[in-house]
Amino acid sequence: MQRTPSASTSPPHLLPHSQSLIEFGLPFSFGNPVPLSTRSSVMLWAASAIAFALLLAVPRWLPDQWGGALAALLFVGVQWAGLRWAVGPAWVALFRRPRWRDVALGLAAVPLVIGLPALVAAYGLGMSHLSANASIDAVADLSPAQLVGRFALVAVQLLGEELVTILPLLATVALLHRAGMPARWAVALAWMVTALVFGALHLPTYQWHLGQALLVLGAARLALTAVFIYTRNLWASTIAHIANDWTIMAFVLASTRTIA
């Protein structure tokens, strides 16, 4: 299908600086390398919703380690399938091979991903009013072999969590921009909305603590999504997300083993 030439398909050195960074770099939302239609945008939201529903449901159907592994794989696979269906072979644009710069930026963002939610929790909610994450605390009781499996499973699930935010982000930007909203405002609004949605998805994890899920987890998501928007590389934000959660898990593990 032929597309009408637009600013978003022009080489970046021919675009204004703001367009070069936003419209040309952000995949799909502005037609690069292929556009997201209204239908394909809705499809991305639906794929993420179905994938998250399976992430919750499968462990209830198969309440063992295999159920957790299948749920994580489906969480990633269903969203990838939705992206593949929406944009065809151009899906690879979201999974560009990470450069050393992307890896470095992902790792460098970890203090922000940890520190920003901590500040929100300490000064906005009060640390004593927070709920624990049972899945993270559970690492203290695992054997070495089980720990390896848990860390690997978490990495897969966190890739799914990146998709469950970034795919709706791209779809929302495309819908807002198609409706006439300027690129910068579309990205900013989608950035905020998807951070709140990400926080809401964690409500069951944190015993339906509304402030913790929306504000604390939402702040972490803002930082992670900023890594993606800056690098336009899903692997960069995924590296930041995995490094963040692995660091917290390792801290919990070290604390409990030291006390023991």
Side-chain angles (χ1 to χ4, degrees), residues 41-61 63 67-83 86 94 109 113-114 116-118 120-121 124-125 129-138 150 153-173 175 187-229 234 237-246 248-249:
S41 297
V42 172
M43 188 182 301
L44 292 184
W45 268 102
S48 292
I50 293 169
F52 183 74
L54 289 172
L55 181 68
L56 297 181
V58 171
R60 297 176 182 174
W61 302 334
L70 178 60
L73 291 172
L74 287 173
F75 190 36
V76 173
V78 169
Q79 294 186 88
W80 172 83
L83 177 64
L94 189 61
V113 178
I114 294 176
L116 182 60
V120 173
L125 300 176
H129 298 109
L130 300 183
S131 299
N133 186 324
S135 63
I136 290 180
D137 291 343
R150 176 60 64 85
L153 184 61
V154 164
V156 175
Q157 182 168 323
L158 293 181
L159 172 58
E161 290 192 13
E162 286 305 300
L163 288 169
V164 88
T165 301
I166 301 306
L167 294 186
L169 172 86
L170 298 175
T172 302
V173 171
L175 290 171
V187 172
L189 182 57
W191 182 41
M192 297 295 295
V193 168
T194 53
L196 290 174
V197 171
F198 178 83
L201 296 180
H202 285 78
L203 279 168
T205 303
Y206 293 97
Q207 292 74 54
W208 301 92
H209 191 306
L210 195 63
Q212 185 173 358
L214 297 185
L215 299 181
V216 178
L217 270 294
R221 185 63 255 176
L222 286 174
L224 289 168
T225 303
V227 173
F228 170 76
I229 292 173
L234 185 76
S237 58
T238 302
I239 288 169
H241 205 160
I242 292 173
N244 174 77
D245 281 40
W246 278 6
I248 295 172
M249 292 167 65

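Considering all non-hydrogen atoms of both residues, Ala226 and Trp191 come closest at N-NE1, 3.8 Å. Closest approach of Leu116 to Ala219, counting heavy atoms only: CD2-O, 3.6 Å. Residues Arg221 and Glu162 come closest through the heavy atom pair NH1-OE2, 2.8 Å. Looking at every heavy atom in both residues, Ala190 comes nearest to Val173 through CB-CG2, 3.5 Å. When all heavy atoms of Ala220 and Pro117 are compared, the closest pair comes out as CB-CG, 3.4 Å. The shortest non-hydrogen separation linking Thr165 to Phe198 is OG1-CD1, 3.3 Å.
Residues Leu234 and Leu163 meet the side-chain proximity criterion, which asks for heavy atoms closer than 4.5 Å. Under the 4.5 Å side-chain criterion, counting only non-hydrogen atoms from C-beta, Met192 is in contact with Leu222. With contacts defined as side-chain heavy-atom distances shorter than 4.5 Å, the pair Val156/Leu73 qualifies. No side-chain heavy atom of Pro59 sits less than 4.5 Å from a side-chain heavy atom of Leu56. Using a 4.5 Å cut-off on side-chain heavy atoms (C-beta onward), Gln157 and Leu55 make contact. Side-chain atoms of Val154 and Ile242, non-hydrogen and from C-beta on, never get closer than 4.5 Å to each other. Between Leu94 and Phe228 there is a side-chain heavy-atom pair separated by less than 4.5 Å. Put simply, the side chain of Val164 reaches to within 4.5 Å of the side chain of Phe75, judged on heavy atoms.
Of the residues Val227, Leu224, Val113, the one that meets the side chain to side chain contact (heavy atoms under 4.5 Å, CB included) test with His241 is Leu224.
Formation of a donor-acceptor pair under 3.5 Å by the Arg150 side chain with backbone atoms of Ser135 is found in this model. His202 contributes no side-chain N or O that, together with a main-chain N or O of Thr205, makes up a donor-acceptor pair within less than 3.5 Å.
Here the straight-line distance linking atom CG of Leu70 with atom CH2 of Trp61 works out to 9.5 Å at 0.5 Å rounding. Remark: Thr238 OG1 to Ile166 CD1 distance equals 8.0 Å, nearest 0.5 Å. Between the CG atom in Leu189 and the CG atom in Leu175 there is a gap of 11.5 Å [rounded to 0.5 Å]. Atom CD1 of Ile239 sits about 12.5 Å away from atom CG of Leu158, to the nearest 0.5 Å. Remark: Gln212 CD to Leu203 CG distance equals 9.5 Å, nearest 0.5 Å. Rounding to the nearest 0.5 angstrom, the gap separating the CD1 atom in Ile229 from the CG atom in Leu169 is 5.5 Å.
In the model, Gln79 has a side-chain atom that pairs as donor or acceptor with a side-chain atom of Ser48 under 3.5 Å.
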